[in-house]
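Report on the structure given below.
Letters A, B, ... mirror the listed sequences (proteins, then strands); counts begin at 1.
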Number of protein chains: 2
Amino acid sequence: MITTRDIAERLGISVSTVGRALADDARISEETKFRVRQTASEMGYVGNRAARMMRGASSNVVALVIPDIRNSFYSTIAHELSKNMAAEGFQLMLSETDDDRMVELRHLRELSANRVAGVIIVPTARPHSESVKLLRAVPHLQLLRRHPSLGSQWFGVDDREALRRATAHLVALGHTRIAYLGGPEELPTGAERLSGFRAALEEGGLADDAGRAELGPPSSVHHGREAVRRLLQEPAAPTALVLGSIQLTLGVLEELSAQGVKVPGELSVVGFGDEPGFSWWGPGLTTIGLPIQEMATSCALWLLRRLKNEPENDGPYTSVSPGSLILRGSTAPVDGKVPSKPS
Amino acid sequence: MITTRDIAERLGISVSTVGRALADDARISEETKFRVRQTASEMGYVGNRAARMMRGASSNVVALVIPDIRNSFYSTIAHELSKNMAAEGFQLMLSETDDDRMVELRHLRELSANRVAGVIIVPTARPHSESVKLLRAVPHLQLLRRHPSLGSQWFGVDDREALRRATAHLVALGHTRIAYLGGPEELPTGAERLSGFRAALEEGGLADDAGRAELGPPSSVHHGREAVRRLLQEPAAPTALVLGSIQLTLGVLEELSAQGVKVPGELSVVGFGDEPGFSWWGPGLTTIGLPIQEMATSCALWLLRRLKNEPENDGPYTSVSPGSLILRGSTAPVDGKVPSKPS
DNA sequence: ATGAAAGCGCTAACAA
DNA sequence: TTGTTAGCGCTTTCAT
């Protein structure tokens, strides 16, 4: 590897002159600058960031800590972040936790050792106390999920409202046996979504037993299949189903297709997220659309501002974007009852 | 940030003793080791990798350079790599090129400055000469696409054979007007796939004008929609269509759904890749299944071996996994002609 | 306009 | 068993 010293020796000048020339220092003559740059490029010199960091320069790496990049939810976020970060000269480090707090901890240790400039994290349900400590030493930002111990900087969607609207839609269609299938309550998002589901039932004047909530691993397609199979076999099977995660939605759609369940005839379904393919599933999936792209972009911009400006831009910040219900063909009035329209 | 020196001062010992204790050096007494580790953890010490790198340690970062992480093709690869790398203590850096050679170059410059331990790259059509030079200085590996200037280490699928089989399937069904929609010929994969398409036509005894190839940006859903719309409007519209990229497939499926084209009645379709949702599109999409997961895993293991063992493990290596045709409902004999079966 | 020297945090050769 | 010292590549005083 070529160093500034190699260049200096080649040109018979000192390393500091080389350093200054490459940094375009005002005190160096144009001629020297030119010769230095010339030789540097000839010799294939590439500055050593590790050395710069030792002199106090900060890393240009920002880490994204998420459960699983295969979830298109997260890959959209990763893309948006990567794009915005790259535009400002930052690189993106990808750390997958698989929703395991120990894996999360190991990653954070590594990121910390690498002195990353910032961290954007979708935390696991209950982060390890060492993780909390590690994060305190680096500018960070929570995404989607929000854990109080990790600070007050957070970007996410209004999960409660999203589920409330979705459920309210089913209530308005006359359904009285509505099931919800979502992530565990210990996940902040899981709790929020469940709460929105329940709120809508209550506002619709439905008794508590009208709603049936089935919670489980949020990123398990398999669990989605299992759960919906179980639901449909119950004596008083629900006539409508709201989902609370993308992966669960994928599983449910697969299973409903496989079993040949008539949607919305036998069952009305509201999905979560809007993946490619949701629009062409059966009659078209009515689903909760999430503004993840916008969320990721503003999150990136916020962190960038924090990194480039005075680091004292540290006040609490919280952004909530609302989801929107995308109406397609998978929901209908219960038992062929037609909603009253002005005629 | 806590340094070894801080620990040393606190304990009234020398930095080298601290360093050795943390490195579990045999010459340090168990008692000292214990006290050092104790204080280190108390003080929240995290080793500085930049400093270690200056002492000759290698980075624990491996970079993945791909066009776009949103393509589930690549996110699957990223996941598989990340998993395998993390298991060996490596972190994954994500660099998106958007298939732009200048963006690719910028990323490689950064990666080089960061002295990453290795690079796994899906190169752009014609990488910049500086990119080539930069890559020569770091252990690297090409994925899927293969550019001669970037060395002979490559992992990928047999694109030609995959398209040949897919096309042959349509030929066997009696189609004589078959269109292919794929990426540009300047991309190695584009050329291979097109060649497989043509080979199948020839082997099927079809005249050259039986096949119609439409090439364009491979990761543009939009282009897929446009292209298929154009194809269907032609006077002698094809009766069958083979796709050569996931994104194009997504676009085509959307457009066919939107236009209400009868598949396989009016048009037989063979997709590329097997995304979630392809199985429930219309009659189920017959498609080319790719063993990306296995490919990514073996690619990760190979690079790891290269990084951990003697770096002289540098011989040419090439792995080709074959794709497999997944038969579902979107292909049928042309014009209702039934293929002869033994009755 | 340029050079010499110190030091960032760590490890390893050399002493004791 | 522990301490001292040098040096990785770079930037930044302080000198010239």
Side-chain angles (χ1 to χ4, degrees), chain A residues 1-41 43-61 109-117 137-138, chain B residues 1-40 43-60 109-117 137-138:
Chain A
M1 270 295 170
I2 309 298
T3 71
T4 46
R5 197 176 141 180
D6 297 323
I7 301 175
E9 279 174 1
R10 168 84 74 100
L11 291 175
I13 58 180
S14 76
V15 272
S16 28
T17 304
V18 173
R20 284 197 271 255
L22 292 172
D24 202 23
D25 190 299
R27 299 171 296 185
I28 301 293
S29 73
E30 281 307 323
E31 205 222 307
T32 312
K33 278 186 192 171
F34 179 79
R35 287 179 44 212
V36 168
R37 285 200 271 255
Q38 181 94 348
T39 352
S41 125
M43 300 178 78
Y45 170 79
V46 180
N48 185 331
R49 174 154 268 118
R52 285 193 185 140
M53 283 175 67
M54 294 225 47
R55 290 284 316 171
S58 91
S59 159
N60 70 334
V61 175
R109 282 209 191 109
E110 285 299 335
L111 297 174
S112 184
N114 280 92
R115 300 293 191 269
V116 294
V138 47
Chain B
M1 272 292 172
I2 309 298
T3 72
T4 46
R5 196 175 144 183
D6 296 323
I7 301 176
E9 279 174 1
R10 168 86 74 101
L11 291 174
I13 58 179
S14 77
V15 274
S16 34
T17 304
V18 173
R20 284 197 271 254
L22 292 172
D24 203 23
D25 189 298
R27 298 170 297 183
I28 301 293
S29 73
E30 281 306 321
E31 206 223 305
T32 312
K33 278 186 191 171
F34 179 79
R35 288 177 46 212
V36 168
R37 284 200 270 256
Q38 181 94 347
T39 355
M43 300 177 77
Y45 169 80
V46 179
N48 185 332
R49 173 154 268 118
R52 288 196 183 136
M53 282 175 68
M54 294 225 47
R55 290 285 316 170
S58 91
S59 158
N60 70 335
R109 282 209 192 111
E110 285 299 334
L111 296 174
S112 183
N114 279 90
R115 300 292 191 269
V116 294
V138 48

Compare all side-chain heavy atoms of [X] with those of [Y] and state whether any distance is below 4.5 angstrom.
X        : Y        : answer
Met1(A)  : Asn48(A) : no
Thr39(B) : Tyr45(B) : no
Asp24(A) : Lys33(A) : yes

Mind listing the closest non-hydrogen atom pair of [X] and [Y] along with its distance?
X         : Y         : answer
Ile2(B)   : Arg115(A) : O-NH2, 4.5 Å
Val138(A) : Ala117(A) : CG2-O, 3.8 Å
Met53(A)  : Ser59(A)  : CE-CB, 3.8 Å
Ala21(B)  : Ile28(B)  : N-CG1, 4.1 Å

Rounded to whole Å, please give me the gap between [atom1] in [X] and [atom2] in [N].
X        : N       : atom1 : atom2 : value
Asp24(A) : dT2(C)  : CG    : C1'   : 16 Å
Asn48(A) : dC8(C)  : CG    : C1'   : 13 Å
Ile2(B)  : dC10(C) : CD1   : P     : 10 Å
Arg49(B) : dC10(C) : CZ    : P     : 12 Å
Glu31(A) : dA1(C)  : CD    : C1'   : 12 Å
Arg5(A)  : dG3(C)  : CZ    : P     : 15 Å
Asp25(A) : dA1(C)  : CG    : C1'   : 10 Å

Exercise. Side chain of Asp25(B), backbone of Arg27(B): donor and acceptor closer than 3.5 Å?
Worked result: yes
Seminar exercise, completed: The bend of the helix from dA1(C)-dT16(D) to dA16(C)-dT1(D), taken between the axes of its five terminal pairs at each end and rounded to 10°, is 50°
So which protein nitrogen or oxygen atoms get under 3.5 Å of nucleotides 12-14 of chain C's nitrogens or oxygens?
| residue | atom | partner | partner atom | Å |
| --- | --- | --- | --- | --- |
| dA12(C) | O4' | Arg55(B) | NH2 | 3.1 |
| dA13(C) | N6 | Arg20(B) | NH1 | 3.3 |

Seminar exercise, completed: Whichever of Ala51(B) and Ile13(B) has the more 5' nearest nucleotide on DNA chain D, that residue is Ile13(B)
Exercise. Closest nucleotide of DNA chain D for Gly56(B) versus for Ile28(B): which of these residues is on the 5' side?
Worked result: Ile28(B)
For this session: Could you check whether Ser14(B) gets within reach of a base, just the sugar-phosphate, or nothing at all, counting any heavy atom under 4.0 Å?
Result: base
For this session: Decide side chain to side chain contact (heavy atoms under 4.5 Å, CB included) for Ile13(B) and Val36(B); before the verdict, give the C-alpha distance in whole Å, the side-chain angles of both, and the deciding distance to 0.1 Å.
Result: CA-CA 10 Å; Ile13(B) 58 179; Val36(B) 168; 3.9 Å; yes
For this session: Walk along DNA chain D from 5' to 3' and tell me the first and last nucleotide with an atom closer than 4.0 Å to a non-hydrogen atom of chain A.
Result: dG9(D) to dT13(D)
Problem set entry | Stepwise side chain to side chain contact (heavy atoms under 4.5 Å, CB included) test for Val61(A) and Asn114(A) | CA-CA 9 Å; Val61(A) 175; Asn114(A) 280 92; over 6 Å; no
Problem set entry | Working for side chain to side chain contact (heavy atoms under 4.5 Å, CB included), residues Val15(A) and Thr3(A) | CA-CA 9 Å; Val15(A) 272; Thr3(A) 71; over 6 Å; no
